[in-house]
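A quick write-up on the structure given underneath.
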Amino acid sequence: MLEPPFEGFFADRYLMDFYDTAERDICSRMHLHTGLRFVRMMTGPETTIRVSSLSPITVRPAAANWIGPLRAFTDALPGTPSGVHRDRHNVIVPPNSWVDMQIPRGVSHQFNAVGPNAVIDSVHPEESIETLREGMSGYRMMAQTIFLAKDKSPATTCADLTDPSSSTRH
């Protein structure tokens with residue numbers, strides 16, 4: 001997380017810098033939050049973010065000037081016990097982009113940057129325009145995060161941006 005401006009600083013949102021999974025050879029751990037979360041992921045040059053979840057990801061239409069669409073695909077969750085198959089749903093945030101995401105309570109998710117220029121802006125629901133537009137009320141963000149894996153996986157399990165059903169590498 002980026003450094004607070006002073007000791008004891010409290011905020012309803014924070015900006016977190018990603019590490020490059022390929023450079024450090026580790027993935028972030030799959031996790032979930034005990035409350036609703038809104039995030040904005042931003043990438044710079046030569047950097048993508050792979051968003052993964054054990055739940056299907058719905059991609060909504062983008063603004064008219066978007067070059068997209070976002071690339072989505074499903075692959076097999078690595079590291080499952082022998083004989084167990086679990087789908088992992090993925091979306092790739094391309095270089096020089098920003099993407100807004102709403103994560104419902106208790107939905108698994110994992111963000112992995114491939115490249116040096118990525119940040120995530122995490123917003124508590126009561127600050128989000130979506131809460132006004134959707135007429136939501138009574139939401140409170142709980143900061144509890146539950147990690148679904150004890151250890152971080154090697155980058156080979158999350159830094160590959162190739163859709164397994166495609167032969168094109170991006």
Side-chain angles (χ1 to χ4, degrees), residues 1-4 9 11 13-59 68-124 141-170:
M1 189 175 334
L2 299 180
E3 200 168 319
F9 177 78
R13 65 189 305 161
Y14 60 87
L15 191 66
M16 185 171 57
D17 192 7
F18 283 96
Y19 58 81
D20 182 348
T21 56
E23 181 182 307
R24 291 184 59 185
D25 192 28
I26 56 171
C27 301
S28 67
R29 288 187 287 179
M30 187 74 74
H31 64 282
L32 56 88
H33 298 286
T34 58
L36 180 69
R37 168 93 57 187
F38 295 109
V39 295
R40 173 168 284 171
M41 292 167 281
M42 296 166 273
T43 59
E46 300 176 12
T47 303
T48 59
I49 298 172
R50 179 176 174 162
V51 179
S52 301
S53 178
L54 299 179
S55 301
I57 300 171
T58 302
V59 177
L70 295 176
R71 206 161 39 87
F73 61 94
T74 301
D75 64 358
L77 179 68
T80 58
S82 180
V84 174
H85 174 84
R86 185 74 197 256
D87 284 337
R88 176 174 59 176
H89 306 274
N90 304 279
V91 171
I92 304 300
V93 178
N96 300 314
S97 301
W98 59 265
V99 171
D100 289 334
M101 183 174 185
Q102 177 181 329
I103 306 165
R105 170 195 336 222
V107 171
S108 64
H109 55 287
Q110 180 183 44
F111 305 121
N112 288 291
V114 181
N117 305 303
V119 295
I120 187 168
D121 182 8
S122 182
V123 180
H124 285 226
M141 180 61 211
M142 298 177 71
Q144 183 177 4
T145 301
I146 300 168
F147 292 101
L148 302 179
K150 180 181 169 194
D151 300 309
K152 295 179 182 176
S153 303
T156 55
T157 65
C158 67
D160 184 9
L161 304 177
T162 307
D163 178 343
S165 65
S166 167
S167 60
T168 306
R169 183 170 175 96
H170 292 50

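Quick caveat, the model's predicted, so the values are computed rather than measured.
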Spatial distance of atom [atom1] ([X]) from atom [atom2] ([Y]) [nearest 0.5 Å]:
X      : Y      : atom1 : atom2 : answer
Glu46  : Asn96  : CD    : CG    : 9.0 Å
Met41  : Arg50  : CE    : CZ    : 13.5 Å
Ser53  : Phe111 : OG    : CZ    : 9.0 Å
Arg40  : Asp100 : CZ    : CG    : 4.0 Å
Thr157 : Ile26  : OG1   : CD1   : 10.5 Å
Phe18  : Met42  : CZ    : CE    : 9.0 Å

Can you check whether [Y]'s main-chain N or O pairs, donor with acceptor, with [X]'s side chain at less than 3.5 Å?
X      : Y      : result
Ser97  : Pro95  : yes
Asp25  : Pro154 : no
Thr80  : Pro78  : no
Asn90  : Arg88  : yes
Ser108 : His31  : no
His109 : Ser52  : no
Thr43  : Pro94  : yes

Residues passing the side chain to side chain contact (heavy atoms under 4.5 Å, CB included) test with Ser28, sequence neighbours excluded, are Tyr19, Gln110, Asn112
So, for [X] and [Y], which heavy atoms are closest and what is the spacing to 0.1 Å?
X      : Y      : answer
Val114 : Thr21  : CG2-OG1, 3.8 Å
Ile49  : Val119 : CD1-O, 4.5 Å
Ile57  : His89  : CD1-O, 3.6 Å
Cys27  : Ala155 : SG-CA, 3.8 Å
Val91  : Ala72  : CG2-CB, 4.0 Å

Go through the steps to decide whether Trp98 and Asp121 satisfy the test side chain to side chain contact (heavy atoms under 4.5 Å, CB included), and finish with yes or no. CA-CA 10 Å; Trp98 59 265; Asp121 182 8; over 6 Å; no
